[in-house]
Amino acid sequence: MTVRTRYAPSPTGVPHIGNIRTALFDYLLARRHGGQFVLRIEDTDRTRLDPTALPKIIESLEWLGIAPDEGPGIGGPYGPYIQSERVEYYRGAADRLLAQGDAYECWCSSQRLDELRAELARKKLPPKYDRRCRDDAGRAASRNEAEAEGGGCVVRFKTPLSGEITLHDAIFGDTTFDLATLDDFVMLKSDGFPTYHLAYIVDDEMMKISHVLRGSDWISSAPRHLLIYRALGYEPPVIAHLPQILGSDGSKLSKRHGATSIFEYRDQGYLPDAMFNFLGLMGWSLDDKTEILSREQFIEHFTLERVVKNPAVFNIDKLTWMNGVYIRDMPLDRLVALVAERLDSDLPQSVPRPVDRTTVARIVPLIRERIKLLTEIKEYCDFFFVDDLSYSRDDLLGKAFRDRPADARSALDAAVAAVTGLASFAHDALEARLRVSATELSVKAGDLFSLVRVAVTGRKVTPPLFESMEILGEERCHSRLRDAASKL
RNA sequence: GGCGCGUUCGUCUAGCGGCCCAGGACAUCGCCCUCUCAAGGCGGAGAUCGCGGGUUCGAAUCCCGCACGCGCUACCA
């Protein structure tokens, strides 16, 4: 059997981190078995449609590096891959169910349905449709009312009144549902579009999908789906519900927990490789110790058997740590390109673009183990590019020289002298000279270095000082040290 | 209200009857390294395995109750 999985989002907004995790597992399962991963757009809810969503969905998958094999704009043998272009198939399936007596037209108005639900709620009864249209007499009555008011009809599934049905889930195992607790759900809406329940089943069958992966919040709806597969004579695919991804307070991950959009993470400077690795570990693990896995390792080892059932809280601290790991392990030239790109976009307007790549290549080794996020780049090295440093007198003096600015001033003068006339303006020579100066001035080397650091970089936290000075060059170091001295 | 699912350190997880008075990772704390900050090394603290009953020579692991949490309960997915 060819393994074919699909990621089937609704185009209602920006891709959510939880959906992307599902897409990742779909991708992994397909790759693991040499199958295909398809993208299908489930746009049957015309009221929630966001026309800008499709390109975003594709962009998010490409960014993560899990581009689909088939889908809208990509093509494939089972298109179209957008449900609104497939309504004839759903209509056909509904007609068949109607003809077989597994479904019926329901002409009840939404007003009647609302009243019914209110009534049931008042009596503390489950809010189930009362099946008025299930028999001919009731349906005829409803129809007359509807036609008088110009209302349309929906198609409902004729759920058996008793019996049970068992879901065999690849992750959650078997769950048996009592059919008496189900109601006659809507498959085809009055606007002619299908509901999720009918549409996905028809599509999966036609697109030869072998495995359905979706969030565990769908488990409750699964018995309906099982009923449809049976009525339509389809062999159900392997069904696997995935544990939910939760926010820090244990409820469904949402905006108030922070970023839920995959793009927010991208923009904050998270790398696709780190996100891939992190999301791959949300509900799945290789063993009791492996945290960092390559894409190839994920593909080689991924199995549904090792997916856990319990929901996972999204732990951004761990993602951030992992991002740092990927930054440190990345090939140097790739990091140089990323850093340069970031500086081009983040540095003030006054700095000429593009920034000098040769300089960036010298800076990157100094900052690579200091940054966990790409957004931190600017903080660490803007002083290489920006000329007017803005720091306060207090910053410059620091704790060591707080009460003796005159000493700070002479220290800076000494520093200028010390770094003048060097055979080469190299970090080891600079360090050696300044250490001697510190001794001569009777100040602690660290105190002198801190003073020089702020003078030369404008910041208290920087990459290694002497390497930074070497890159800055003699001229800029001299003028910055003199500027600092003149401030005292 | 009904139905369903889940429950191992703060968080992600390992564990599928004895190797576990529970292992790893993030976060946290301390020490080392050190020009700041990181990174790195070493170490600490942190889970009576939700609770209560069973089964068994032996249970985090099997069974039954309960509690709590979450989900679904739309002509949304």
Side-chain angles (χ1 to χ4, degrees), chain A residues 8-10 12 19 42-45 47-48 106 108 110 113-114 117 120-121 123-129 152-156 167 169 172 175-178 180-183 185-191 193-197 199-200 214-223 241 243-244 246 248 250-252 278 281-292 306 308-322 324-325 328 366-372 376 379-380 398 431 434-435 438 444-450 452-454 457 459-466:
Chain A
S10 288
T12 53
N19 293 124
E42 310 216 323
D43 59 344
T44 58
D45 183 351
T47 63
R48 294 200 308 159
C106 170
C108 292
S110 50
L113 262 18
D114 287 345
R117 264 190 294 272
L120 291 169
K123 293 180 182 166
K124 297 202 183 247
L125 258 26
K128 287 168 59 181
Y129 174 56
C153 78
V154 302
V155 176
R156 287 183 187 271
L167 166 68
D169 188 288
F172 282 81
T175 304
T176 297
F177 298 85
D178 182 354
T181 63
L182 267 47
D183 71 353
F185 56 94
V186 174
M187 291 187 297
L188 210 59
K189 299 181 268 189
S190 57
D191 64 1
F193 281 88
T195 59
Y196 168 83
H197 312 296
Y200 102 80
R214 78 216 326 181
S216 65
D217 44 347
W218 283 105
I219 291 177
S220 308
S221 316
H241 288 96
Q244 294 254 276
L246 272 24
S248 46
S251 66
K252 208 166 168 177
F278 180 73
L281 257 18
M282 288 254 89
W284 181 86
S285 64
L286 174 63
D287 54 29
D288 60 343
K289 50 180 68 73
T290 311
E291 305 286 343
I292 304 296
R306 288 197 64 82
V308 297
K309 299 185 185 73
N310 45 307
V313 172
F314 190 84
N315 182 191
I316 194 163
D317 283 343
K318 188 155 182 174
L319 205 212
T320 304
W321 162 77
M322 198 173 271
V325 172
R328 273 173 256 134
L366 305 185
I367 64 168
R368 82 176 309 175
E369 61 195 24
R370 274 163 244 272
I371 54 174
K372 290 197 180 76
E376 295 169 329
E379 314 255 294
Y380 264 111
E431 178 170 1
L434 284 170
R435 282 191 188 281
K444 281 193 236 166
D447 290 345
L448 208 219
F449 297 167
S450 295
V452 173
R453 178 187 316 281
V454 176
T457 69
R459 290 182 181 277
K460 289 193 273 198
V461 173
T462 71
L465 178 61
F466 308 109

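Bear in mind that the values here come from a model prediction, so they are computed numbers and not experimental data. Reminder, nothing fancy here: chain letters follow the sequence lines and each chain counts from 1. Atoms considered below: every heavy atom in the structure, side chains included; atoms not considered: hydrogens, waters and symmetry mates.
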Does the [X] side chain pair with the main chain of [Y], one donor and one acceptor, at a distance under 3.5 Å?
{"X": "A/Thr290", "Y": "A/Leu286", "result": "no"}
{"X": "A/Thr181", "Y": "A/Asp178", "result": "yes"}
{"X": "A/Thr195", "Y": "A/Leu188", "result": "no"}

Name all residues meeting the side chain to side chain contact (heavy atoms under 4.5 Å, CB included) criterion together with [X]; count only those two or more places apart in sequence or in a different chain, and write none if there are none.
{"X": "A/Asp43", "result": "A/Pro11, A/Ile41, A/Arg46, A/Leu49, A/Ile82, A/Gln83, A/Ser84"}
{"X": "A/Val313", "result": "A/Leu246"}
{"X": "A/Ile292", "result": "A/Asn277, A/Trp321, A/Met322, A/Val325, A/Tyr326"}
{"X": "A/Asn315", "result": "A/Asp317, A/Lys318"}

Report all interatomic pairs (protein N or O, nucleotide N or O of nucleotides 59-69 of chain B) with separations under 3.5 Å.
none

Please determine, for [N], whether a Watson-Crick or G-U wobble partner exists with both distances under 3.5 Å, and give it or none.
{"N": "B/rC70", "answer": "B/rG4"}
{"N": "B/rA25", "answer": "B/rU11"}
{"N": "B/rC19", "answer": "none"}
{"N": "B/rC51", "answer": "B/rG65"}
{"N": "B/rA60", "answer": "none"}
{"N": "B/rA45", "answer": "none"}
{"N": "B/rC35", "answer": "none"}

Mind checking the [atom1] distance from [N] to [M]? Whole angstroms is fine.
{"N": "B/rA60", "M": "B/rA22", "atom1": "C1'", "value": "8 Å"}
{"N": "B/rG15", "M": "B/rG54", "atom1": "C1'", "value": "23 Å"}
{"N": "B/rU48", "M": "B/rG23", "atom1": "P", "value": "13 Å"}
{"N": "B/rU11", "M": "B/rC19", "atom1": "P", "value": "26 Å"}
{"N": "B/rC20", "M": "B/rC29", "atom1": "C1'", "value": "26 Å"}
{"N": "B/rA45", "M": "B/rC3", "atom1": "C1'", "value": "43 Å"}
{"N": "B/rG65", "M": "B/rG4", "atom1": "P", "value": "12 Å"}
{"N": "B/rC16", "M": "B/rC21", "atom1": "P", "value": "14 Å"}

* Judged by modelled atom types alone, do A/Arg117 and A/Tyr129 share a side-chain donor-acceptor pair under 3.5 Å? ->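 No pair is found: no donor N or O on one side chain lies under 3.5 Å from an acceptor on the other.
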* Asked: Under 6.0 Å from the six-membered ring centre of A/Phe185 and within 45° of its axis: does the NZ or CZ of A/Arg156 meet both?
  ->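 Cation-pi check for A/Arg156 and A/Phe185: fails.
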* Test the A/Arg214-A/Tyr200 pair against the cation-pi criterion, namely NZ or CZ under 6.0 angstrom from the six-membered ring centroid and within 45° of the ring axis. =>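 Yes, cation above the ring, under 6.0 Å and within 45°.
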Would you give the length of the straight line joining atom [atom1] of [X] to atom [atom2] of [Y], rounded to the nearest 0.5 angstrom?
{"X": "A/Thr44", "Y": "A/Asp191", "atom1": "OG1", "atom2": "CG", "result": "8.5 Å"}
{"X": "A/Arg435", "Y": "A/Phe466", "atom1": "CZ", "atom2": "CZ", "result": "6.0 Å"}
{"X": "A/Leu167", "Y": "A/His241", "atom1": "CG", "atom2": "NE2", "result": "6.5 Å"}

* To do: Using the test salt bridge (Lys or Arg N to Asp or Glu O under 4.0 Å), find all partners of A/Arg306 that sit at least two apart in sequence or belong to another chain.
  =>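 Once residues adjacent in sequence are excluded, A/Arg306 has no partner under the salt bridge (Lys or Arg N to Asp or Glu O under 4.0 Å) criterion.
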* Can you list the residues that meet the salt bridge (Lys or Arg N to Asp or Glu O under 4.0 Å) rule with A/Lys444, with sequence neighbours excluded? ->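 Salt bridge (Lys or Arg N to Asp or Glu O under 4.0 Å) list for A/Lys444, sorted by chain: empty.
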* Asked: Taking CG from A/Asp178 and C1' from B/rC3, how many angstroms apart are they, rounded to a whole number?
  ->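 Rounded to the whole Å, the gap is 9 Å.
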* Nucleotide B/rC37, atom P - distance to CD1 of A/Ile371 in whole Å ->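 That distance rounds to 18 Å.
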* Asked: What string of B, S and - do you get for nucleotides 72-77 of chain B, 5' to 3', if B is base contact, S is sugar-phosphate-only contact and - is no contact with any protein heavy atom under 4.0 Å?
  -> SSSBBB
* Structure fact -> Going 5' to 3' through nucleotides 10-16 of chain B and flagging B where a protein heavy-atom sits under 4.0 Å of the base, S where only the sugar-phosphate is that close, and - otherwise, we get -BBSSS-
Give every pair of a protein N or O atom and an N or O atom of nucleotides 32-36 of chain B that lie under 3.5 Å apart, one pair per line with the distance.
| unit_1 | atom_1 | unit_2 | atom_2 | d |
| --- | --- | --- | --- | --- |
| B/rC35 | OP1 | A/Arg435 | NH2 | 2.5 |
| B/rC35 | O2' | A/Arg453 | NH2 | 3.1 |
| B/rC35 | O2 | A/Arg453 | NH2 | 2.5 |
| B/rC35 | N3 | A/Leu465 | N | 3.3 |
| B/rU36 | O2' | A/Lys460 | O | 3.4 |
| B/rU36 | N1 | A/Arg453 | NH2 | 3.4 |
| B/rU36 | O2 | A/Thr462 | N | 2.9 |
| B/rU36 | O2 | A/Thr462 | O | 3.1 |
| B/rU36 | N3 | A/Thr462 | O | 2.7 |
| B/rU36 | O4 | A/Pro464 | N | 3.4 |

* Give the minimum heavy-atom separation between A/Pro463 and A/Leu366, together with the two atoms involved. =>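 Heavy-atom minimum between the residues: CB-CB, 3.9 Å.
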* Asked: So, do A/Phe193 and A/Asp45 sit near enough that their side-chain heavy atoms are less than 4.5 Å apart?
  ->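 Not in contact.
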* Got more than 12 heavy atoms from elsewhere within 6.0 Å of NZ, A/Lys128? ->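 More than 12 within 6.0 Å, yes.
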Distances under 3.5 Å between nitrogen or oxygen atoms of protein and nucleotides 40-46 of chain B:
| unit_1 | atom_1 | unit_2 | atom_2 | d |
| --- | --- | --- | --- | --- |
| B/rG40 | OP1 | A/Arg328 | NH1 | 3.3 |

At a cut-off of 3.5 Å, list every protein nitrogen or oxygen paired with a nitrogen or oxygen from nucleotides 19-21 of chain B, distance to 0.1 Å.
none

* Could you tell me whether A/Glu376 and A/Lys372 have a side-chain N and a carboxylate O separated by less than 4.0 Å? =>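 Here A/Glu376 does not pair with A/Lys372 in a salt bridge, since their nearest N and O are not under 4.0 Å apart.
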* Asked: With a non-hydrogen cut-off below 4.0 angstrom, is A/Phe172 in contact with a base, only sugar-phosphate, or nothing?
  ->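 Sugar-phosphate only.
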* To do: Test A/Thr462 against every option in A/Arg370, A/Arg453, A/Glu379 by the side chain to side chain donor-acceptor pair (under 3.5 Å) rule and name the one that passes.
  =>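 When A/Arg370, A/Arg453, A/Glu379 are each tested with A/Thr462, the side chain to side chain donor-acceptor pair (under 3.5 Å) holds only for A/Arg453.
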